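Computation of the quantities below employed the complete heavy-atom set of this structure, encompassing side-chain atoms and omitting hydrogens, waters and symmetry-equivalent molecules. Lettering follows sequence order; numbering is per chain, from 1. Model, not experiment: these values are computed from the prediction.
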Protein chains: 2
Amino acid sequence: MIVIDYHDKRPIYEQIIDRFQLLILNGALEPDSQLPSVRALAVDLSINANTIQRAYSELERRGLIYSIKGRGNFVSAQKDVVKEQQDKLLEELRQQLVICKESGIEFIKVLDCVRETFQEVNL
Amino acid sequence: MIVIDYHDKRPIYEQIIDRFQLLILNGALEPDSQLPSVRALAVDLSINANTIQRAYSELERRGLIYSIKGRGNFVSAQKDVVKEQQDKLLEELRQQLVICKESGIEFIKVLDCVRETFQEVNL
DNA sequence: TAAGTGTACTAATACAATTAATACACTTAA
DNA sequence: TTAAGTGTATTAATTGTATTAGTACACTTA
């Protein structure tokens, strides 16, 4: 479910955050379903439990999960938080688009890139 | 010409790299034109000259500038390096697009984002 | 009650970013 | 020739962040 890429320069907790966020946003993890415990996942990934805890804290801060002491962490059931995080991703995309535009990359090239990624031909 | 954003989490040398790369890619800095000296820019930005040096070294490694001992740093005159760096930016865009797609963001929303950024209506 | 859970805290280590101070080689203009 | 300005290289020190490690406490469930 979760894989750490040690060639990735980003911190481990950030990789975990992004991975879980992805699984929640696309619906792979259903609302109210339980996440692995901080200790269990720590053992599974051979890392420290504090690192998992840090990732879970951030996910909770974003409203993507909620935690119950003594029971565990669970996927949030609120739909608006999903939309909110998707909007943040779109904002990051927008920033990258601005960089591309300001770097003199032609509009058609960007459009091709989008088409290829989404494999949409009916445009 | 160059501005440092201390609210930006990225290292200073990286901000300088990106800023100069942008100016070179979009043609604001013409081939063979001279860049500020490492010392002069350091004083101007109130940072250490080594930080400028580090940024210039990376820009030279990318082939975007060339340096002459005792004279200064100059914008590269080779067109293919511009294309090469633009392709790298497109690859970063592609990765962000994949994240958006895998996060369940609809194709039309991404397309709207592209349209708005490039302000193209004839689609 | 025991085991499993989240949470909080501190200490220690490792690494990266940055500053600082030099020193050296080269170019240009007075 | 000399002085000023340029790039380059090196080392040391400081700072901040990521991560590990260990511990303790509160809560839930069987």
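Atom C1' of nucleotide C/dA14 and atom NZ of A/Lys9 are separated by 15 Å, given to the nearest angstrom. Distance CD1 (A/Ile68) to C1' (C/dT5): 11 Å, rounded to an integer number of Å. D/dT28 atom P lies 15 Å from atom CG of A/Asn73, rounded to whole Å. Rounded to an integer number of Å, the gap from A/Tyr6 OH to C/dA14 P is 17 Å. When the P atom of C/dC15 is taken as reference, atom CG of A/Asp8 falls 18 Å away, rounded to whole Å. Distance, B/Glu60 CD to D/dT6 C1': 14 Å, rounded to whole Å. Protein atom CD1 of B/Ile65 is 15 Å distant from nucleotide atom P of D/dT6, rounded to whole Å. Rounded to whole Å, the distance from CZ on B/Phe74 to C1' on C/dT28 is 12 Å.
Of the N and O atoms on the side chains of B/Tyr66 and B/Asp32, at least one donor lies less than 3.5 Å from an acceptor on the other residue.
Considering only side-chain N and O atoms, B/Ser67 lies under 4.0 angstrom from the phosphate OP1 or OP2 of D/dT8. Checking the phosphate oxygens (OP1, OP2) of C/dA17, a side-chain nitrogen or oxygen of B/Tyr13 falls inside 4.0 Å. Checking the phosphate oxygens (OP1, OP2) of C/dT28, a side-chain nitrogen or oxygen of B/Arg71 falls inside 4.0 Å.
Of the possible polar contacts, none joining the A/Ser103 side chain to the A/Ile105 backbone as a donor-acceptor pair under 3.5 Å is found.
Pair assignment for C/dA3: D/dT28, on the basis of Watson-Crick or G-U wobble contacts that are both within less than 3.5 Å.
B/Tyr56 and B/Phe20 have perpendicular rings, their planes meeting at more than 60° on a 0 to 90° scale where under 30° would count as parallel.
Using a cut-off of 4.0 Å between Lys/Arg side-chain N and Asp/Glu carboxylate O, B/Arg94 and A/Glu116 are scored as salt-bridged. The existence of a salt bridge linking A/Arg10 and A/Asp5 is excluded, since no basic side-chain nitrogen approaches an acidic carboxylate oxygen closer than 4.0 Å. Under the 4.0 Å criterion applied to side-chain N and carboxylate O atoms, B/Glu58 and B/Arg54 are not assigned as salt-bridge partners. A salt bridge does not link A/Glu91 to A/Lys88: none of the charged nitrogens lies less than 4.0 Å from a carboxylate oxygen. In this structure, A/Asp112 does not pair ionically with A/Lys109, as no charged nitrogen and carboxylate oxygen lie closer than 4.0 Å.
Taking 4.5 Å as the limit, some side-chain heavy atom of A/Thr51 sits within range of a side-chain heavy atom of A/Asn48.
Across residues 46-54 of chain A, A/Ile47, A/Asn48, A/Asn50, A/Thr51, A/Arg54 each have a non-hydrogen atom less than 4.0 Å from an atom of DNA chain D (numbered order). DNA chain D is contacted by B/Ser37, B/Val38, B/Arg39 of residues 29-41 of chain B, taking any non-hydrogen atom closer than 4.0 Å.
Comparing A/Lys69 and A/Pro11 along DNA chain D, the residue whose closest nucleotide (by nearest heavy atom) sits nearer the 5' end is A/Pro11.
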